[in-house]
Amino acid sequence: MPTSSASTNDSAKSTSSGGVQSLERAFDLLERMADAGGEVGLSELSSASGLPLPTIHRLMRTLVACGYVRQQPNRRYALGPRLIRLGESASRLLGTWARPYLARLVDETGETANMALLDGDEIVYVAQVPSKHSMRMFTEVGRRVLPHSTGVGKALLAHTPEHEVRALLARTGMPAATDKTITTADGFLAALEEVRRLGYAMDDNEQEIGVRCLAVTIPDSPTAAAISISGPAGRVTEAATERIVPVLQQVAKELSQALASSGATA
């Protein structure tokens, strides 16, 4: 990894949390790039982060040399391909960490439990524990679906600004998976308002006829994530929903705490 006297001085500085300042700044810049859609200019990063341009340029030069950032022909900076491998590995581990909590959901609700992330404009399922019922729902780990027809999609987008939701829906086109699928932006935004009011999301025959899904987000997750249960509509009734939702919310809270504590090391 290339170094300079300036970067060496930066790396010697410790933060109040005991970390290395230049590392914290570099990861902060990567996250700001992701929040901006993956491509930014130096002046945008300086404005957003409050760091001086020379510091940002030095950090970005190092990230480019390592392959985590690439400089575009227009002189703007984009997230680099080496991050893909890290993200894929982290997603697999996230699913592994979640499995005991999903297993508890299955034990307490009797239905198949899932964990999903929002990856770009799609929902990707990263973990699942199947129900013990002979009639049960299977969602293949790694499967990708569009957010507008899923409970996890609604849960993950419920607190996203309206203009961003509309832009996403315009890109996906909102195709109908069933005759129950919401296929208009206004209809979907109304459904998100209902999610915010109730504290959970439902897919009611919208992805697959005969199947209901209940979903909640994982609070303060390092990446936007949701957990859900899915089962036959005849079992996931209104009465069952009243029983299942508090369990979902409690498990999501405990998983959130576990994910936060897993990053706390001496």
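Here, residue 1 is the first one in the sequence, and each next residue gets the next number. Any value given below was found using the heavy atoms of this structure, including those in side chains, with hydrogens, waters and symmetry copies removed.
Side-chain contact between I218 and M115: present, with at least one pair of heavy atoms (C-beta onward) separated by less than 4.5 Å. Side chains of L117 and I123 form no contact here, defined as non-hydrogen atoms less than 4.5 Å apart. In this structure, V145 and Y125 have side chains that are in contact, with non-hydrogen atoms separated by less than 4.5 Å. Counting only heavy atoms from C-beta outward, the side chains of K132 and D107 approach each other to under 4.5 Å. V69 is not listed as a side-chain neighbour of R61, based on a closest heavy-atom distance of 4.5 Å or more. Residues Y101 and I227 fail the side-chain proximity criterion, which asks for heavy atoms closer than 4.5 Å. Within the 4.5 Å cutoff, no side-chain heavy atoms of M60 are placed close to those of Q71. In this structure, R166 and L189 have side chains that are in contact, with non-hydrogen atoms separated by less than 4.5 Å.
Considering CG of L248 and CG of L255, their distance stands at 11.5 Å, rounded to 0.5 Å. How far CZ of R171 is from CG of L146: 11.5 Å, rounded to the nearest 0.5 Å. Taking CZ from R144 and CG from D119, the interatomic distance works out to 4.5 Å, rounded to the nearest 0.5 Å. Considering SG of C213 and CD of E111, their distance stands at 10.5 Å, rounded to 0.5 Å. To the nearest 0.5 angstrom, Y77 atom OH is 12.0 Å from E39 atom CD. Rounded to the nearest 0.5 angstrom, I229 CD1 and T241 OG1 are separated by 7.0 Å.
The nearest pair of heavy atoms linking A176 to T183 is CB-CG2, 3.9 Å. Listed here is the closest heavy atom pair of L102 and N114: CD2-O, 3.6 Å. Scanning all heavy atoms of the two residues, the minimum distance from S46 to L51 falls at OG-O, 2.8 Å. For the residue pair A201 and V195, the shortest heavy atom distance occurs at CB-CG2, 3.7 Å. Between S131 and V106, the shortest heavy-atom contact is CA-CG1, 4.0 Å. Contact record, L157 with P147: CD1-CB, 3.7 Å, taken as the closest heavy-atom pair.
Residue-environment remark: CZ (R70) stays at or below the threshold of 12 foreign heavy atoms within 6.0 Å. Heavy-atom neighbours of N74 CG from other residues, nucleotides or ligands within 6.0 Å: above the threshold of 12. Atom CZ of R196 has more than 12 neighbouring heavy atoms from other residues, nucleotides or ligands inside a 6.0 Å radius.
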Quick one: do D179 and I209 satisfy side-chain contact (heavy atoms from CB on, under 4.5 Å)? Show the steps, please. CA-CA 8 Å; D179 60 2; I209 290 295; 3.7 Å; yes
Between K253 and D220, does the salt bridge (charged side-chain N to carboxylate O under 4.0 Å, His left out) criterion hold? Intermediate values first, please. CA-CA 9 Å; K253 179 181 177 181; D220 303 316; over 6 Å; no
Criterion side-chain contact (heavy atoms from CB on, under 4.5 Å) on I56 and L29, from CA distance to verdict: CA-CA 8 Å; I56 292 177; L29 293 179; 4.3 Å; yes
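Between the R32 side chain and the L45 main chain, no donor and acceptor come within less than 3.5 Å of each other. Put simply, the side chain of S149 never gets that close to the backbone of T181: no donor and acceptor are under 3.5 Å apart. Judged by distance alone, the side chain of S256 and the main-chain N or O of P219 form a donor-acceptor pair under 3.5 Å. In this structure a side-chain-to-backbone donor-acceptor pair under 3.5 Å is missing from T237 to G234. A distance-only check finds a donor-acceptor pair linking the side chain of E44 to the backbone of G41 [under 3.5 Å]. Checking side-chain atoms of N205 against main-chain N and O of G210 turns up a donor-acceptor pair under 3.5 Å.
Checking Q207 against T150 by side-chain atom types alone, no donor-acceptor pair falls below 3.5 Å.
Of the candidates E194, E206, H148, K154 forms a side chain to side chain donor-acceptor pair (under 3.5 Å) with just one, namely E206.
At a threshold of 4.0 Å, the pair D204-K180 does not count as salt-bridged, since none of the basic side-chain nitrogens sits closer than that to a carboxylate oxygen.
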